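Computed from a prediction, not measured in an experiment: that's the story for all the values here. To find a chain, count down the sequence lines: A is the first, B the second, and so on, and within it residues start at 1.
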2 protein chains.
Amino acid sequence: MTTSHGRRATIRDVALAAGVSISTASNALNGQGRTNAETRDRVKHIAEKIGFRPNALARGLLSRRSHSIGMITNDTYGRLTLPMTAGVSEALVDHGVSVFLCATNNDPRLARLHLEALLDKQVDGIIFTATRLDLAPQVDLSRLPIPVVYAFAEGPDTSVSFVPDDHQGARLAVEHLLSLGHRRILHITGPEDFAAVRRRAAAYRASLGGEGEVMFGPWGEDWGHEAVHRILTRPEPRPDAIFCGSDETARGVIDALRDHGLSVPSDIAVVGFDNWHVVAAQTRPALTTIDMGLKELGRRAGLAMLDLTQGKPVASGINYIACELVVRASCGTDLAGQSLMSS
Amino acid sequence: MTTSHGRRATIRDVALAAGVSISTASNALNGQGRTNAETRDRVKHIAEKIGFRPNALARGLLSRRSHSIGMITNDTYGRLTLPMTAGVSEALVDHGVSVFLCATNNDPRLARLHLEALLDKQVDGIIFTATRLDLAPQVDLSRLPIPVVYAFAEGPDTSVSFVPDDHQGARLAVEHLLSLGHRRILHITGPEDFAAVRRRAAAYRASLGGEGEVMFGPWGEDWGHEAVHRILTRPEPRPDAIFCGSDETARGVIDALRDHGLSVPSDIAVVGFDNWHVVAAQTRPALTTIDMGLKELGRRAGLAMLDLTQGKPVASGINYIACELVVRASCGTDLAGQSLMSS
DNA sequence: GTGAAAGCGCTAACAT
DNA sequence: ATGTTAGCGCTTTCAC
């Protein structure tokens with residue numbers, strides 16, 4: 001991949017070895033057809049032999065395209081960012097585009113520093129990513145001379161954004177429960193000030209024809225325990241299924257139900273949201289849940305960025321990426337026939 | 001940050017506006033002192049006013065330093081990679097160095113593609129990262145013309161590597177248990193073919209003066225349940241504490257103990273390993289565990305890379321980064337006085 | 001079909 | 001102290 005003698009081979013070396021001029025070598029390699037076939041083959045062969053690879057910096061200087069983009073995230077934890085980054089990379093690596101990852105840790109100073117470094121490096125575009133949909137960047141991305149795409153974040157109306165389709169995902173969950181014969185479905189979820197939480201709750205209600213009960217609370221397993229405790233110590237009829245706004249909450253719910261001697265899914269079925277493997281797969285029983293397709297979301301964002309950098313038109317607005325239902329054991333796969341089926 | 005008229009301001013624009021030559025402008029900005037103070041101030045002021053920022057591509061072409069490095073990881077999940085990347089970035093961003101993140105997904109083709117793109121972009125160095133210490137890169141990094149640093153991976157002897165100090169971490173855990181008065185400490189851990197597992201087990205045995213019992217098994221919570229079942233259904237005296245090789249295993253252990261009517265930490269104390277927040281903080285009781293300091297590990301790797309790219313000597317070999325004990329509730333904080341203290 | 005020359009934006013000799 | 005010149009590695013007119 002490199003010449004044995006330190007410095008990489010340049011096009012000059014190729015030209016020299018082939019006995020042609022630099023420009024002919026360039027023509028031959030980039031195959032503009034304006035070269036003699038014999039010469040072209042010879043040059044190409046020599047280039048390969050001495051391991052010539054064009055210097056992307058030099059190319060970028062001339063073409064004004066660095067073939068690199070920046071990704072700015074406030075997530076230090078990685079659960080959301082890495083799958084998305086992998087998706088972005090996957091879409092771009094075949095086009096020779098690499099991704100700078102910048103973790104701002106929610107620090108405006110860091111965000112500014114990273115942004116400046118990216119602009120200095122002439123990135124072709126920037127993808128902004130957050131840990132929650134309604135979190136704004138800590139720097140102004142609206143007046144940049146390069147395209148900006150929002151992934152798992154909602155940019156201004158004129159920009160291009162990709163977010164999970166929380167509405168469809170929640171509907172998927174509820175309809176799955178309905179199809180299994182459950183009718184008294186409860187929704188235990190996160191804090192109402194999260195956009196995603198409100199959307200999932202709205203979709204849940206809509207799927208139930210406007211009925212249903214939503215319990216908002218903090219994220220985390222504790223809230224699952226607490227919520228279960230509340231519903232089991234009150235007089236009303238018990239739910240026969242619970243749709244949770246996150247896998248962590250669902251895990252708390254399932255553990256609490258077991259503590260109370262109720263069995264999942266036969267007494268109460270549970271569906272989660274996130275498909276966060278370490279939680280969903282380890283819950284007993286393993287969690288039926290909604291996968292947000294983060295890698296696919298990243299891939300889509302990457303493809304959009306590719307189009308933008310190539311000057312192709314991309315429709316502005318928010319793109320909702322479909323969620324998927326992942327069926328595990330916490331929610332019986334049998335259709336109907338449940339004892340608590342009557343509403 | 002940018003001129004209003006599309007293209008970024010170049011040093012030419014600065015020179016023009018200041019009425020000096022390009023090289024004088026360059027001198028003034030890079031303050032080699034070889035400029036008249038008045039001119040320098042004027043140039044600097046104008047540069048700031050029109051928002052001039054040097055083109056890093058052009059600079060890199062000349063200086064042969066791109067001020068960017070590549071990070072190659074096989075982790076799609078992010079639990080290890082993102083904290084480390086954040087640490088690397090943190091160490092480098094102040095020096096204007098940005099980080100390309102390349103997720104290979106364990107695919108050699110992807111790894112090769114990414115590596116080529118990085119080399120083409122003239123990265124100043126490459127940091128290789130893996131999800132387990134003894135995992136080798138899918139591409140040959142040994143004959144690269146640029147420095148390579150291994151983070152959470154062990155490179156060849158001649159290279160620079162940073163790994164968690166599993167030995168010290170495990171000792172920390174066991175000594176903590178000993179200091180609380182526990183004597184019959186059991187070790188339930190992962191598969192023996194993991195280097196980290198063997199090290200933790202060895203340190204555990206050493207801390208116990210060569211005594212102790214190690215139960216190897218698959219990662220995951222199930223193994224925790226299974227292992228607890230085994231020790232509770234056999235005749236020998238019960239352990240009064242369990243040191244687990246991962247937080248997930250520890251969670252399984254704690255849940256299983258509770259199922260068997262044993263209480264943590266009063267009957268049996270438990271310590272985990274990883275400080276993986278979603279697991280450790282949600283366990284009931286919350287998990288006392290070992291934090292591997294991944295961000296610090298990344299920071300150290302970043303600093304080493306910085307030195308290497310500046311031609312400073314860096315000692316080759318493996319650097320062990322100290323782990324930290326994080327005390328939560330699964331392991332009483334009281335000293336001695338435990339009922340089971342007698343060995 | 002091929003090569004000489006200009007230039008991307010910048011820095012660093014070397015003159016002046 | 002400042003300006004002129006050359007050149008980093010590459011692509012691209014434009015002569016020949």
Side-chain angles (χ1 to χ4, degrees), chain A residues 2-3 6-44 46-47 50-68 96 119-124 145, chain B residues 2-3 6-44 46-47 50-68 96 119-124 145:
Chain A
T2 53
T3 52
R7 195 171 300 181
R8 273 168 73 125
T10 75
I11 199 170
R12 198 159 170 277
D13 301 326
V14 177
L16 233 58
V20 295
S21 77
I22 291 181
S23 51
T24 302
S26 175
N27 271 342
L29 291 170
N30 301 335
Q32 295 287 21
R34 321 177 53 56
T35 0
N36 186 328
E38 189 272 329
T39 326
R40 191 173 58 238
D41 291 349
R42 188 159 43 88
V43 170
K44 281 194 167 171
I46 289 182
I50 67 177
F52 166 76
R53 304 229 77 217
N55 182 323
L57 262 44
R59 270 195 165 167
L61 191 54
L62 212 46
S63 67
R64 296 169 191 294
R65 292 209 47 206
S66 63
H67 288 273
S68 58
L119 292 174
D120 289 356
K121 273 152 196 151
Q122 316 293 116
V123 293
D124 301 329
Chain B
T2 51
T3 54
R7 197 173 296 183
R8 271 169 73 126
T10 77
I11 199 170
R12 198 158 171 277
D13 301 326
V14 177
L16 233 59
V20 295
S21 77
I22 291 182
S23 56
T24 302
S26 175
N27 269 342
L29 290 170
N30 301 335
Q32 295 286 20
R34 319 175 57 53
T35 2
N36 185 327
E38 189 272 329
T39 326
R40 191 172 60 239
D41 292 347
R42 187 160 43 89
V43 170
K44 280 194 167 169
I46 288 182
I50 67 176
F52 166 76
R53 306 228 78 217
N55 182 324
L57 262 44
R59 270 193 164 168
L61 191 54
L62 211 46
S63 66
R64 297 169 188 295
R65 293 207 49 205
S66 63
H67 287 274
S68 58
L119 293 174
D120 289 355
K121 272 153 196 151
Q122 316 294 115
V123 292
D124 301 330

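- With rounding to the nearest 0.5 Å, the separation of NZ in B:Lys121 from CG in A:Asn55 is 11.5 Å.
- Applying the side chain to side chain donor-acceptor pair (under 3.5 Å) test between A:Asp120 and each of B:His67, B:Arg53, B:Arg59 identifies B:Arg53 as the sole match.
- Spacing between atom NE2 of A:His67 and atom P of D:dG9 amounts to 19 Å, rounded to whole angstrom units.
- Applying the 4.0 Å criterion to OP1 and OP2 of C:dT11, one finds that B:Asn30 has a side-chain N or O inside that range.
- Judged by distance alone, with hydrogens and angles left aside, B:Thr10 brings no side-chain donor or acceptor close enough to the base of C:dG9 to form a pair under 3.5 Å.
- Comparing B:Leu61 and B:Ser21 by the nucleotide of DNA chain D whose heavy atom lies nearest to each, the residue mapping closer to the 5' end is B:Ser21.
- Taking OG1 of A:Thr10 as the reference point, atom CD1 of A:Ile22 lies at 7.0 Å (rounded to 0.5 Å).
- Across the protein-nucleic acid pair, B:Arg65 atom CZ and D:dG9 atom P stand 17 Å apart, rounded to whole Å.
- A donor-acceptor pair under 3.5 Å links the side-chain atoms of A:Ser66 to the main chain of A:Gln122, judged by distance alone.
- In this structure, CG of A:Leu62 is placed 10 Å from P of D:dT13, rounded to the nearest angstrom.
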TODO: Evaluate the criterion side chain to side chain donor-acceptor pair (under 3.5 Å) for residue pair B:Thr24 and B:Ser21; output intermediate values, then yes/no.
DONE: CA-CA 5 Å; B:Thr24 302; B:Ser21 77; 3.0 Å; yes

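- Separating the NZ atom of A:Lys121 from the P atom of C:dG9 is a distance of 19 Å, rounded to the nearest angstrom.
- Scanning atom types as modelled, no donor and acceptor separated by under 3.5 angstrom connect the side chain of A:Thr35 and the base of C:dG1.
- Rounded to an integer number of Å, the gap from A:Arg53 CZ to D:dG9 P is 17 Å.
- Here C:dG1 presents its P atom at 14 Å from CG of A:Asp41, a figure rounded to the nearest Å.
- The phosphate of D:dT2 has OP1 or OP2 within less than 4.0 Å of a side-chain N or O from B:Thr39.
- Side-chain atoms of A:Ser63 and base atoms of D:dT11 include no donor and acceptor less than 3.5 Å apart.
- Closest to the side chain of A:Ile11, from the set D:dT11, C:dG3, D:dG7, is D:dT11.
- Checking the phosphate oxygens (OP1, OP2) of C:dT11, a side-chain nitrogen or oxygen of B:Arg59 falls inside 4.0 Å.
- The pair A:Arg7-A:Asp13 fails the salt-bridge criterion, with no side-chain N (NZ, NE, NH1 or NH2) lying under 4.0 Å from an Asp/Glu carboxylate O.
- Close to C:dT11, at under 4.0 Å from its OP1 or OP2, lies a side-chain N or O of B:Ser26.
- You'll find that the side chain of A:Ile22 is closest to D:dT11, out of C:dG1, C:dG3, D:dT11.
- Separating the CG atom of A:Asn27 from the P atom of D:dT12 is a distance of 9 Å, rounded to the nearest angstrom.
- Across D:dC10, D:dT2, D:dG3, the shortest atom-to-atom separation from the side chain of B:Ser23 is found for D:dG3.
- Proximity of A:Arg7 to the phosphate of D:dC8: no side-chain N or O atom is located under 4.0 Å from OP1 or OP2.
- Put simply, CG on A:Leu29 is 15 Å from C1' on C:dT2, counting in whole angstrom units.
- The side chain of B:Thr24 contributes no N or O atom lying less than 4.0 Å from OP1 or OP2 of D:dT2.
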